[in-house]
Amino acid sequence: MICNRRNFMVSAAAMGLAGIAWPAFAAIDPKLRATLDEIARAALRDSPEGYSYLGLDSGENSWARARLRDRSAAARAKVATENRRYRKMLDGIDRASLAGQDRLLYDSVAYELASGAAGAAFAYGGVDALGGGNPYVISQQDGAYQGTPEFLNSVHRIEARADAEAYLSRLAAFAGVLDQESAQARHDAGLGVITPDFVLDTTLAQMKALRATPAAASRMVQSLATRAAARGLAGDWTARAAKIVEAMVYPALDRQIAAMTDIRAKASHDAGAWKLPQGDAYYAWLLQYATSTTLDPEAIHQMGLEQGRDLDARMDAVLKSQDMTQGTVGERLAALTRDPRQLYPNTDAGREEAIAYVNGKIAELRQMLPRISKMTMKAELMVKRVPPEIEAGAALGYMNFASLDGSRPAIYYINLQDTGNWPKFTIPSLSAHEGLPGHTWQGAYVAEHRDDVPLISSLMGFNAYTEGWALYSEQLVDELGFYKDDPFGQLGMYQALRFRASRLVTDTGLHAKRWSREQAVDYMTSSTGRARAACTSEVDRYCAAPGQACGYKVGHTEIVRLRGKAQAALGGRFDVRDFNDAVIQAGAVPLTVLASAIDDYIARAG
């Protein structure tokens with residue numbers, strides 16, 4: 001998944017160079033490109049981490065390496081002002097004069113800015129001038145306390161002394177960011193925006209675990225010291241970094257723990273967004289952004305129920321073929337999830353074994369790429385365990401895209417706090433989703449064609465498109481025979497699809513139908529057969545990020561519908577590789593824009 005844990009969205013949005021493709025973005029209307037470049041540069045100036053994620057923090061942008069994004073009240077107020085400015089700039093382009101990809105790009109940016117404007121109307125939570133947001137600035141999966149240490153470790157480069165000094169500057173800035181977020185959490189709580197008690201319990205546990213590590217032994221210090229030593233950079237980096245952590249970061253973290261403890265005393269067990277100020281309207285906004293559709297909660301809820309029934313029938317057939325006939329589909333899946341033959345030991349050695357299995361599956365999937373796409377890309381990928389200090393609240397799996405300059409590969413994180421959450425039969429489909437041909441392939445396109453891609457395309461992220469493609473990837477590799485000798489792997493793929501269908505029911509249940517956390521966990525566990533701990537973690541994620549979980553199955557459903565439309569229109573001229581490339585080359589776009597892109601692909605291929 002490209003989950004909300006990701007600190008900065010680097011979306012795959014570019015035009016093709018192979019197959020039946022769009023002209024390169026170099027041919028974009030000059031006025032449109034100049035406008036979009038200006039918007040992108042302005043947006044990045046407010047996001048120094050964005051420069052680093054993209055690998056653009058050098059040369060004239062090297063200032064960004066020493067800074068972190070401003071999270072103050074003034075910075076939040078600026079979001080609305082900037083959004084209005086960007087929309088006025090875009091209004092200076094005559095849409096009627098645009099055609100083809102130029103018009104699709106214009107429509108995508110307009111959609112993103114309209115969503116940002118809608119979000120700015122709410123006086124709480126996180127919001128972006130270029131898109132969506134979330135209600136709780138600090139939760140088990142949001143906030144600098146859990147994002148910045150991993151950002152410094154995995155994204156901030158240490159190649160020269162200046163990089164190490166910039167690391168120290170960012171470490172010092174981390175303390176200020178913690179205080180800014182604490183202030184906003186207190187402000188929002190005053191408006192009645194209080195994270196559910198169970199989410200706050202996990203959040204506080206993670207904060208205290210981070211705080212409990214002696215400064216010199218913390219990953220924030222050791223990451224710098226280890227990498228500086230590897231580069232031969234002389235200096236007492238350990239002592240300097242430890243001093244900053246001890247004198248600045250930890251006191252700020254103590255203040256944040258105190259703030260969240262105060263807020264926890266006022267928290268209720270109510271799980272859904274309905275309890276927030278203008279809660280129904282707020283959830284409608286988040287749902288619209290997450291799915292890039294106008295589907296209402298009830299329609300999405302029913303979609304999940306209907307698709308769940310179909311997937312249950314498919315899983316029943318596979319289970320029966322393996323002589324598993326007793327009990328409901330969910331009960332049989334739960335039994336398989338507990339089967340010792342499917343479990344890795346819940347030890348460091350077992351976790352290493354699981355990661356080795358992931359890498360093996362990635363290698364198998366890489367061999368399938370010529371049957372999936374006509375494009376040739378490196379799509380480099382690293383598999384990492386979610387850092388132990390944040391794994392209790394982190395998503396079960398997620399992806400950070402590769403940098404645009406090629407200095408950092410895509411990173412596929414798997415949460416191995418409890419290896420029972422990832423029985424062996426579930427890992428192949430996860431690897432297709434996060435790895436190849438899923439998110440890694442999406443990100444590789446923009447990273448490996450950066451000269452042809454407007455910068456703004458790397459700043460936008462449409463959840464239903466990106467997660468829809470990754471979920472479609474799970475289905476696609478099944479259709480191409482990935483599981484032909486692995487019936488349990490195929491079952492894992494069906495279970496993953498079922499899990500996403502259950503998300504539609506659960507997310508709308510929590511936020512529109514006022515389900516309790518326990519009711520949601522019961523439904524997820526019984527309908528998917530996944531471990532109760534895994535389902536609890538997932539439900540808590542939906543509580544902290546309303547709507548986001550609905551993008552997967554809505555996007556997948558639309559991509560499958562569009563493929564069927566293309567097959568019917570093209571008949572014998574249809575090549576699934578051309579369709580797949582058209583989807584990737586359309587870029588991270590709203591589903592309505594994707595439909596227009598596929599109509600154009602059909603016209604060109606016809």
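Heavy atoms only: backbone and side chains are in, while hydrogens, waters and symmetry mates are out. On a predicted model such as this, the values are computed, not experimentally measured, just so you know.
Panel note: side chain Glu448, backbone Ala379; a donor-acceptor pair is recorded below 3.5 Å. A donor-acceptor distance shorter than 3.5 angstrom exists from the side chain of Asn580 to the backbone of Ile372, with no hydrogens or angles considered. Judged by distance alone, the side chain of Asn83 and the main-chain N or O of Val79 form no donor-acceptor pair under 3.5 Å. In this structure, the side chain of Tyr289 does not engage the main chain of Gly119 through any donor-acceptor pair within 3.5 Å. In this structure a side-chain-to-backbone donor-acceptor pair under 3.5 Å is missing from Arg231 to Thr226. Ser62 contributes a side-chain N or O that, together with a main-chain N or O of Gly59, makes up a donor-acceptor pair within less than 3.5 Å. Side-chain N or O atoms of Gln180 include none that pairs as donor or acceptor with a backbone N or O of Ala73 at under 3.5 Å. No donor-acceptor distance shorter than 3.5 angstrom exists from the side chain of Thr440 to the backbone of Leu436, with no hydrogens or angles considered. Arg71 contributes no side-chain N or O that, together with a main-chain N or O of Glu181, makes up a donor-acceptor pair within less than 3.5 Å. In this structure a side-chain-to-backbone donor-acceptor pair under 3.5 Å is missing from Ser373 to Leu369.
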Open item on the list: For Ile138 and Met207: C-alpha separation, side-chain torsions, deciding distance, then whether side chain to side chain contact (heavy atoms under 4.5 Å, CB included) applies.
Closed with: CA-CA 11 Å; Ile138 301 171; Met207 288 178 175; 3.5 Å; yes

Open item on the list: Let's go through Leu178 and Arg255 carefully: what are the C-alpha distance in whole Å and the side-chain angles of both, what is the deciding distance for side chain to side chain contact (heavy atoms under 4.5 Å, CB included) to 0.1 Å, and is it a yes or a no?
Closed with: CA-CA 9 Å; Leu178 288 169; Arg255 292 189 290 272; over 6 Å; no

TODO: Tell me, with the steps shown, if Asp29 and Tyr106 meet side chain to side chain contact (heavy atoms under 4.5 Å, CB included).
DONE: CA-CA 11 Å; Asp29 176 87; Tyr106 177 100; over 6 Å; no

TODO: Would you please test Leu168 and Ile244 for side chain to side chain contact (heavy atoms under 4.5 Å, CB included) and show each step?
DONE: CA-CA 8 Å; Leu168 293 174; Ile244 292 171; 4.0 Å; yes

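Counting all heavy atoms, side chain and backbone alike, Leu105 lies closest to Pro454 at CD2-CG, 4.0 Å. When all heavy atoms are compared, the tightest approach of Ile559 to Gly468 is CD1-C, 3.6 Å. Smallest separation of non-hydrogen atoms from Asn463 and Gly551: ND2-CA, 3.3 Å. Closest non-hydrogen pair, Ala395 versus Arg541, comes out as CB-CD, 4.4 Å. Nearest heavy-atom pair, Ala290 versus Gly547, reported as atom, atom and distance to 0.1 Å: CB-O, 3.1 Å. Taking each heavy atom of Arg85 and Ala42 in turn, the nearest pair found is NH2-CB, 3.4 Å.
From Asp405, atom CG reaches atom OG of Ser58 across 7.0 Å, with rounding to the nearest 0.5 Å. One finds the CH2 atom of Trp237 at 14.5 Å from the CD atom of Gln222 (value rounded to the nearest 0.5 Å). How far OG of Ser473 is from CD1 of Ile584: 7.0 Å, rounded to the nearest 0.5 Å. To the nearest 0.5 angstrom, Asp57 atom CG is 7.5 Å from Ser407 atom OG. To the nearest 0.5 Å, atoms CG (Asp179) and CD (Gln184) are separated by 13.5 Å. In this structure, the separation between CG on Leu396 and CD1 on Ile414 is 9.0 Å, given to the nearest 0.5 Å.
Lys361 has a carboxylate O that lies under 4.0 Å from a charged side-chain N of Glu364, or vice versa, which qualifies the two as a salt bridge. The existence of a salt bridge linking Arg408 and Glu380 is excluded, since no basic side-chain nitrogen approaches an acidic carboxylate oxygen closer than 4.0 Å. Salt-bridge check for Glu82 with Arg45: failed, with every basic side-chain N at 4.0 Å or more from each acidic carboxylate O. Checked for salt-bridge contact, Glu165 and Arg65 miss the test: no charged N lies under 4.0 Å from a carboxylate O. The pair Arg76-Asp128 does not meet the salt-bridge criterion, since no charged nitrogen lies less than 4.0 angstrom from a carboxylate oxygen. Comment: Asp163 does not engage Arg157 in a salt bridge, judged by the lack of any side-chain N to carboxylate O separation of less than 4.0 angstrom. A salt bridge links Arg219 with Glu150: at least one charged nitrogen is closer than 4.0 Å to a carboxylate oxygen.
Side-chain contact, Ser223 with Arg227: a donor N or O sits under 3.5 Å from an acceptor N or O. No donor-acceptor contact under 3.5 angstrom links the side chains of Thr35 and Tyr86, judged on distance only. Using modelled atom types and a 3.5 Å distance limit, the side chains of Tyr145 and Gln206 yield a donor-acceptor pair. In summary, the side chains of Thr203 and Gln140 do not present any donor paired with an acceptor at a separation below 3.5 Å, with no hydrogens or angles considered. A donor and an acceptor atom, one from each side chain of Arg170 and His156, are located under 3.5 Å apart. Remark: the Glu467 side chain and the His433 side chain contain an N/O donor-acceptor pair separated by less than 3.5 Å. For the residue pair His439/Gln442, the side-chain donor-acceptor check at 3.5 Å is satisfied.
Side-chain contact between Leu365 and Ser431 is present, with at least one heavy-atom pair separated by less than 4.5 Å. Residues Asn415 and Tyr413 are not in side-chain contact: their nearest non-hydrogen atoms beyond the backbone lie 4.5 Å or more apart. When side chains are defined from C-beta on, Leu416 does not count as touching Val386, because their heavy atoms never get closer than 4.5 Å. The side-chain heavy atoms of Leu253 and Lys208, taken from C-beta on, include no pair separated by under 4.5 Å. Side-chain contact between Asp46 and Asp70: absent, with no pair of heavy atoms (C-beta onward) separated by less than 4.5 Å. Within the 4.5 Å cutoff, side-chain heavy atoms of Phe462 are placed close to those of Tyr111. At a threshold of 4.5 Å between non-hydrogen side-chain atoms, the residues Ser169 and Arg67 do not count as touching. When side chains are defined from C-beta on, Tyr53 counts as touching Asn400, because their heavy atoms get closer than 4.5 Å.
Stacking of Lys424 on the aromatic ring of Tyr357 is recorded, both the 6.0 Å distance cut-off and the 45° axial limit being met.
Within a 6.0 Å radius of NZ in Lys378, no more than 12 heavy atoms belonging to other residues, nucleotides or ligands are found.
Aromatic pair Tyr51/Trp63: ring centres closer than 6.0 Å.
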